[in-house]
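Working notes for the structure below.
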Amino acid sequence: MPLLEKIIRFSTSHRRLSHVLFWLVVSVVFLNRYDMQEYQYPEKIFYRHSYYISVTIIASYFISYLIIPRLILSKSYYVVVLYFLIGSYLICVLSRIAVIYLLEPLIRLQPFGQESLWVIATDLPKLLTHYFALSFSTAWLFSFIKLIRDQYMSQQRTMSMGKEKAQAELKVLKAQLNPHFLFNTLNNIYALSLTASPITSKSIAGLSEILDHILYRCEGPSVPISAEVSLIKNYLELEKLRYDERLKLSFVHSVDEELAIVPLVLLSMVENAFKHGAGENVASPVIDINLQLRSGLFEFKVSNSYFPAYRESSSERIGLVNVRKQLELVYGKRHQLSVSTENNIFVALLIIDLRVKDKTGLTYENKVSFSG
């Protein structure tokens, strides 16, 4: 973690202590104002130093907590400028009054003359060249540091809100996906039960295994690819019971390493192939599934036959729309989901660049780039 980030986090979690430490550092730096001869009178240095720090603190918090927030949020900059001029003038006047009527009686020998309040308030050149410069010299540094801290905290809040929003949307998409899958599968089992098929109980057992995976193993943002492969196998076995020998099914998978992937999107693509392919082709449905993972590049291709007469007017099927949204939330530009049709074959191709983290926690550059 960079040093600046550590300092900002410390100042956020220990706000009062960080302010005290800052002014202690400023106080030490301010000691350079005095020469060696002045150190012969430590009580006078104490009085002067207390005055300098007090005035600087007032000016710093005036700029940081009153002027800058109004400058950022206000629609009328003229009003903010007016506040700044009035406030700065009052701080300078009070600073000079404190010098003449409080500080000088403590550090100067009597008798000496004192300016009237009218002279103090109307001597603008003196207030500007000396007291304004003295009072606000550190205020700009303090305000700059506070702006950096506020900007960092704002970015952290934005990132946190973005993650929470993405997680909430993913939960919504999963909630849409699971009932959709369950509805289709229960319809399959219902059709078997109407014919008193002996494989009904086997179908229920297969569904139970699938629901166990969905309900208890997909709570996290990602799951091992091997778990998704097992889920697809269970689903295909369940569909085989329904279609018997009429279904021409092929599932080829090759994985060279165990990586994680967002759960259930692969199942949704397979499910769509059955719903819009095999479900509409009662004669001899054909579904080919190919899954490959090589050197972090994941490819998942689902092909199914279909009847054009039964094809929806929309180019996107509802399941693939959900998949596309979920992939966009998780992988962004590191993925591509394309669909195509040719010779009554519908093809959905998913490519994901699953970047691998090195020991430092950094990610390598994308191994593939997608256009569009």
Side-chain angles (χ1 to χ4, degrees), residues 7-8 10-12 14-74 77-150:
I7 295 175
I8 293 175
F10 175 83
S11 66
T12 303
H14 304 83
R15 187 173 181 180
R16 294 183 179 179
L17 179 59
S18 63
H19 282 248
V20 172
L21 292 176
F22 175 84
W23 292 115
L24 285 176
V25 172
V26 172
S27 179
V28 173
V29 173
F30 270 28
L31 290 175
N32 294 326
R33 292 175 175 270
Y34 316 108
D35 54 37
M36 296 302 298
Q37 294 181 352
E38 290 180 291
Y39 280 98
Q40 297 177 3
Y41 307 96
E43 69 281 359
K44 294 183 178 181
I45 291 181
F46 173 77
Y47 294 141
R48 292 178 60 184
H49 209 59
S50 299
Y51 158 75
Y52 289 142
I53 296 299
S54 300
V55 172
T56 301
I57 289 176
I58 294 173
S60 298
Y61 286 103
F62 168 70
I63 293 293
S64 301
Y65 289 92
L66 293 179
I67 297 303
I68 292 181
R70 284 182 170 82
L71 186 63
I72 295 175
L73 301 176
S74 178
Y77 297 110
Y78 298 105
V79 176
V80 179
V81 171
L82 181 61
Y83 285 156
F84 171 73
L85 293 177
I86 295 175
S88 301
Y89 171 77
L90 292 176
I91 290 175
C92 292
V93 170
L94 293 176
S95 175
R96 190 172 181 184
I97 292 175
V99 169
I100 294 176
Y101 289 96
L102 296 177
L103 182 61
E104 288 187 349
L106 294 174
I107 64 175
R108 292 182 63 181
L109 296 177
Q110 298 287 349
F112 56 87
Q114 290 180 316
E115 299 172 344
S116 66
L117 295 179
W118 175 253
V119 173
I120 292 174
T122 56
D123 190 359
L124 296 181
K126 184 72 172 181
L127 294 175
L128 179 62
T129 58
H130 181 73
Y131 288 94
F132 181 83
L134 173 67
S135 303
F136 288 85
S137 58
T138 307
W140 310 117
L141 174 62
F142 180 84
S143 301
F144 177 72
I145 294 175
K146 183 177 182 298
L147 282 175
I148 293 178
R149 187 189 72 88
D150 291 347

Looking at Tyr101, is its backbone amide N or carbonyl O close enough to the side chain of Gln114 to form a donor-acceptor pair, meaning the two atoms are under 3.5 Å apart?
no
For the residue pair Ile100 and Glu115, what are the closest heavy atoms and their distance?
CD1-OE1, 3.4 Å
Nearest heavy-atom approach of Leu127 to Cys92 is CD2-O, 3.8 Å
More than 12 heavy atoms of other residues, nucleotides or ligands under 6.0 Å from OH of Tyr83: yes or no?
no
Does the side chain of Val99 reach to within under 4.5 Å of the side chain of Glu104, using non-hydrogen atoms?
yes
Kindly compute the distance separating CG (Leu103) from OH (Tyr51), expressed to the nearest 0.5 Å.
7.5 Å
Verify, without hydrogens or angle tests, whether Tyr89 (side chain) and Leu124 (backbone) share a donor-acceptor contact under 3.5 angstrom.
no
Could you tell me if the side chain of Thr56 sits less than 4.5 Å from the side chain of Phe142, heavy atoms only?
no
Please table the atom pairs, donor to acceptor, closer than 3.5 Å between any side-chain atom in residues 130-140 and protein atoms at least two apart or in another chain.
unit_1	atom_1	unit_2	atom_2	d
Ser135	OG	Tyr131	O	2.8
Ser137	OG	Leu134	O	3.3
Trp140	NE1	Phe136	O	3.0

Within the 4.5 Å heavy-atom criterion, are Ser60 and Lys146 side-chain neighbours or not?
no
Mind checking the CD1-CZ spacing from Ile45 to Phe30? Nearest 0.5 Å is all I need.
14.5 Å
State, yes or no, whether a side-chain contact exists between Leu106 and Phe46 at a heavy-atom distance under 4.5 Å.
no
Where does the angle between the aromatic ring planes of Phe84 and Phe62 fall among parallel (under 30°), tilted (30 to 60°) and perpendicular (over 60°)?
parallel
Taking atom CG of Leu85 and atom CG of Leu90, what is their separation to the nearest 0.5 Å?
11.0 Å
Please tell me if the side chains of Leu21 and Leu17 come closer than 4.5 Å, counting only heavy atoms from C-beta onward.
yes
May I ask you to test the Ile148-Phe144 pair for a side-chain heavy-atom distance under 4.5 Å?
yes
When the side chains of residues 65-73 are checked against the rest of the protein, which donor-acceptor pairs come out under 3.5 Å, sequence neighbours left out?
unit_1	atom_1	unit_2	atom_2	d
Arg70	NH1	Leu66	O	3.2

Can you tell me how far the CZ atom of Arg149 sits from the OG atom of Ser64, to the nearest 0.5 Å?
10.5 Å
